[in-house]
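Scroll down for the structure; my scribbles are underneath it.
Side-chain atoms are counted along with the backbone in the values below, which use heavy atoms only and exclude waters and symmetry mates. Every number for a ligand or one of its atoms is a count from 1 in the order of the listing.
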Amino acid sequence: MPMFADLGQESLDALASMVQVRRYPKGAFIVGQRDTGACMYLLTAGRAKVSLASEEGRELVLDYLEAPAHFGEMSLVDARPRSADVIAVTDVEVLAIDGKDLSMAIRIQPKLALSLIATLSRRLRTMIGRLEDMAFHDARHRVMRVIMNVATANLEARGVAEIRGMTHYDIATLAGTSRETASRIISSLVRSETITTRGRTLIIDLPKLTQELRRD
Ligand code: CMP
């Protein structure tokens with residue numbers, strides 16, 4: 001993980017002795033909402049989703065995580081039950097750090113603490129954005145905003161403004177709308193050439209999408 005790239009061998013050995021490698025198949029629950037949290041996870045391979053399930057079985061996806069990322073730190077920091085489910089979307093590999101080892105891990109790599117704070121801050125911003133969208137904007141705007149956020153994150157991580165491995169249903173749940181509505185909006189963006197498709201990958205023209213969002 002990039003966060004540990006500048007550590008010497010001794011520190012890496014000390015960290016390695018505290019983490020446990022775990023593998024989960026696609027579809028597995030890594031963390032269950034309301035469970036007691038005993039450890040946090042560094043996602044080293046694969047994709048996972050953070051979601052909430054209603055009693056009637058409806059799903060609200062809060063975020064998709066792609067390695068390298070981390071999750072499960074909230075219960076360790078505030079000693080409350082898990083705030084959400086974290087489910088493997090592909091086969092996943094994680095490094096589990098036991099709660100009692102977290103402060104030692106931070107002593108070895110102080111960047112870990114900064115990274116935890118930066119992640120919390122990014123999540124809060126995303127949630128503020130979604131709250132704002134829910135209160136002030138319609139489904140079209142919300143779907144465009146989800147596409148903008150995912151494509152921008154991929155541009156930063158991989159240098160391409162595209163969306164891969166997400167279905168229209170995934171985009172719809174993030175935007176708080178139905179799959180049918182999301183598909184209709186994506187088709188209209190394809191017609192206006194804001195999005196082009198290559199197989200199941202969506203390639204986003206970010207300047208055009210920015211214009212559409214401003215106009216909306
Ligand atoms: P924890 O509450 O221990 O277990 C569930 C985890 O999901 C939580 O820690 C966070 O790491 C992660 N999580 C909770 N809410 C969000 C969110 N809004 N966006 C991304 N990740 C989240």
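- Of the candidates G37, A69, S83, the one placing a heavy atom closest to atom 8 (C) of ligand 1 is S83.
- To the nearest 0.5 Å, atoms CG (L114) and OG1 (T119) are separated by 10.5 Å.
- The distance from the CE atom of M1 to the CG atom of L15 is 11.0 Å, given to the nearest 0.5 Å.
- In this comparison of R34, R123, K49, the heavy atom closest to atom 20 (C) of ligand 1 sits on R123.
- Considering CD1 of I108 and CZ of F4, their distance stands at 9.0 Å, rounded to 0.5 Å.
- Atoms CE and NE2, from M148 and H141 in turn, are 9.5 Å apart once rounded to the nearest 0.5 Å.
- In terms of hydrophobic clustering, with Ile, Leu, Val, Met, Phe, Trp and Tyr side chains grouped at heavy-atom distances under 4.5 Å, L95 and M18 are assigned to a common cluster.
- Atoms of ligand 1 lying under 4.0 Å from at least one heavy atom of A84, given by number and element, are 5 (C).
- Residue, atom and distance of the protein heavy atom nearest to atom 13 (N) of ligand 1 are V50 CG1, 3.6 Å.
- At a heavy-atom cutoff of 4.0 Å, ligand 1 is contacted by the side chain of V86 but not by its backbone.
- Near D63, with a cut-off below 4.0 Å to any heavy atom, the atoms of ligand 1 are 19 (N), 20 (C).
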Would you sort out whether I186 and H168 count as a side-chain contact (heavy atoms from CB on, under 4.5 Å), showing the intermediate values?
-> CA-CA 8 Å; I186 292 167; H168 289 187; 3.7 Å; yes

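- Note: Y24 and Y41 have perpendicular aromatic rings, judged against thresholds of 30 and 60 degrees for the angle between ring planes.
- When the options L116, L120, V31 are evaluated for a side-chain contact (heavy atoms from CB on, under 4.5 Å) with M74, the one that passes is L120.
- When heavy-atom distances to ligand 1 are checked against a 4.0 Å cut-off, Q33 has no atom that comes that close, whether in backbone or side chain.
- Among all non-hydrogen protein atoms, the one lying nearest atom 18 (N) of ligand 1 is M127 CE, 3.3 Å.
- Scanning the protein heavy atoms around atom 15 (N) of ligand 1, the nearest turns out to be L62 CD1, 3.8 Å.
- Heavy atoms of G72 approach ligand 1 to within less than 4.0 angstrom.
- For R82, a nitrogen or oxygen atom sits less than 3.5 Å from a nitrogen or oxygen atom of ligand 1, counting backbone and side chain alike.
- Near F71, meaning under 4.0 Å from any of its heavy atoms, are these atoms of ligand 1: 11 (O).
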